[in-house]
Amino acid sequence: MVTIASWNINSVRLRMSQVARLLVQEAPDVLCLQEIKCQEHQFPAEAFAELGYVHQVIHGQKGYHGVATVSRIPLRECSRHDWQDNGEARHVGVELLGPGGGMVLENVYIPAGGDTPDREANPKFGQKLDFIERMTRWADALDRPTLIVGDFNIAPLDCDVYDHKALLKVVSHTPVEVETLDRFRYAHGWVDLGREHIPAPGRCYSWWSYRAYWRKKDQGRRLDHMWASPELAPHARAHRVIEETRDWEQPSDHVPLVTEFAL
DNA sequence: ATGGCTCGTTCGACGAGA
């Protein structure tokens with residue numbers, strides 16, 4: 001059994017104690033973090049090592065973004081894509097060695113896309129779509145069993161948001177984003193493990209705004225995902241959304257996903 | 001129905017998140 005977790009932590013240095021709590025509670029073999037918000041040399045490497053996560057692949061930058069994959073089973077970095085072509089640290093890929101050997105694990109933080117869902121008025125929105133289109137061309141050529149996880153910043157299904165109609169013009173749930181993400185999914189036949197294990201319209205939010213009023217009304221969105229190659233997906237035995245972390249003290253606005261694979 | 005919190009920057013607003 002190999003257990004993989006993913007969590008947009010929104011500053012790993014600020015929340016290392018919460019990460020430790022999750023690692024003890026869920027005992028994943030591998031944890032993929034997004035928005036670590038630090039450079040490689042600032043990453044709390046020693047704290048992870050003390051918990052047994054001695055294998056660490058970090059793609060950080062100063063202040064913003066940044067991803068890291070930590071593991072208690074051996075792994076090897078195999079890619080570091082810049083799908084936005086602007087130098088931001090939003091991806092790292094590893095190959096698992098030993099248990100789960102041969103699986104490729106892609107850890108990605110897709111850009112949020114700014115406020116306005118219009119390429120002309122808001123360049124960040126275009127960058128988000130372009131980022132996913134580059135991922136699509138990459139996925140088209142994949143020939144190994146792969147799991148891609150992370151913060152996709154898109155809630156694809158109607159039931160992935162608290163109010164589908166109200167969010168049709170809100171970045172994260174617009175039809176153009178959903179269609180762009182659909183093309184990425186078709187390019188490789190990715191299986192959405194979240195909805196494989198928690199069928200629509202089951203509750204499956206992974207993000208709630210920090211704004212207290214929205215949080216109180218449970219206005220969540222499913223922005224975080226785990227997608228598996230067609231040959232890998234049938235090995236997934238369990239999938240959980242660890243919603244309780246959102247009620248921990250000074251939490252991340254995202255909650256972790258955990259999937260167990262019989263490998 | 002609601003951009004009303006929270007982060008890192010680095011010491012006080014500001015850009016960014018989504």
Side-chain angles (χ1 to χ4, degrees), chain A residues 6-19 33-44 58-68 83-84 86-91 107-119 121-132 150-181 194 204-225 241 243 245-257:
Chain A
S6 175
W7 195 5
N8 178 322
I9 194 60
N10 188 13
S11 174
V12 68
R13 289 176 295 174
L14 195 63
R15 280 184 255 281
M16 186 59 217
S17 63
Q18 296 186 43
V19 176
L33 293 168
Q34 301 87 39
E35 279 204 270
I36 61 173
K37 291 189 171 176
C38 67
Q39 301 169 83
E40 279 91 336
H41 72 270
Q42 300 170 309
F43 188 77
I58 303 147
H59 187 189
Q61 72 176 76
K62 186 175 180 177
Y64 297 102
H65 321 310
V67 294
W83 282 314
Q84 220 172 189
N86 68 353
E88 291 180 352
R90 294 179 174 276
H91 169 268
N107 177 1
V108 67
Y109 174 43
I110 295 179
D115 287 333
T116 307
D118 182 296
R119 271 182 180 277
N122 167 28
K124 287 184 181 177
F125 190 71
Q127 286 172 14
K128 179 181 195 176
L129 299 177
D130 294 345
F131 187 105
I132 299 166
D151 178 1
F152 289 15
N153 268 318
I154 294 177
L157 304 183
D158 295 6
C159 58
D160 289 338
V161 295
Y162 60 92
D163 186 337
H164 166 64
K165 274 188 76 176
L167 286 172
L168 278 170
K169 291 181 177 174
V170 174
V171 175
S172 74
H173 192 62
T174 63
V176 64
E177 289 171 274
V178 172
E179 288 158 14
T180 303
L181 191 64
C204 206
Y205 299 149
S206 71
W207 175 86
W208 294 259
S209 168
Y210 279 121
R211 292 176 167 77
Y213 188 85
W214 291 14
R215 174 74 185 127
K216 199 178 300 173
K217 294 197 73 170
D218 190 32
Q219 296 181 328
R221 307 179 199 175
R222 185 170 76 108
L223 303 181
D224 300 270
H225 302 275
V241 181
E243 218 182 280
T245 67
R246 193 62 181 75
D247 293 319
W248 292 355
E249 192 178 334
Q250 197 180 17
S252 170
D253 45 354
H254 295 255
V255 302
L257 309 181

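The model shown is predicted, which means the values in this text are computed figures rather than measured ones. Just so it is clear: chains get the letters A, B, ... in the order the sequence lines come, proteins before strands, and each one is counted from 1.
- Note on A:H173: nothing from the nucleic acid sits closer than 4.0 angstrom, heavy atoms only.
- The side chain of A:K62 lies closest to B:dT10 when the candidates are B:dT10, B:dG15, B:dG17.
- Each of B:dG15, B:dC7, B:dT6 was ranked by its minimum atom distance to the side chain of A:Y64; first place goes to B:dG15.
- As judged by a 4.0 angstrom heavy-atom cut-off over every strand, A:K124 is placed among residues touching the sugar-phosphate backbone only.
- Heavy atoms of A:D253 sit nowhere under 4.0 angstrom from any nucleic acid atom.
- OP1 or OP2 of B:dC7 sits under 4.0 Å from a side-chain N or O of A:Q250.
- Cation-pi check for A:R215 over A:W208 is met; the charged atom lies under 6.0 angstrom from the ring centroid and within 45 degrees of its normal.
- One can place OH of A:Y213 at 16 Å from C1' of B:dC5, the figure rounded to the nearest angstrom.
- Candidate nucleotides B:dG8, B:dA1, B:dC5 were compared by shortest atom distance to the side chain of A:K37, and B:dG8 ranks first.
- Within 4.0 Å (heavy atoms only), A:R215 reaches no atom of the nucleic acid at all.
- Within the nucleic acid shown, A:Y109 comes within 4.0 Å of sugar-phosphate atoms alone, with no base atom in reach, counting heavy atoms only.
- Put simply, A:S11 has no side-chain N or O that comes within less than 4.0 Å of OP1 or OP2 on B:dC7.
- By the 6.0 Å and 45° rule, A:R90 stacks over the aromatic ring of A:Y109.
- Distance, A:D151 CG to B:dG17 C1': 10 Å, rounded to whole Å.
- Rounding to whole angstrom units, NZ of residue A:K217 and C1' of B:dC5 are separated by 18 Å.
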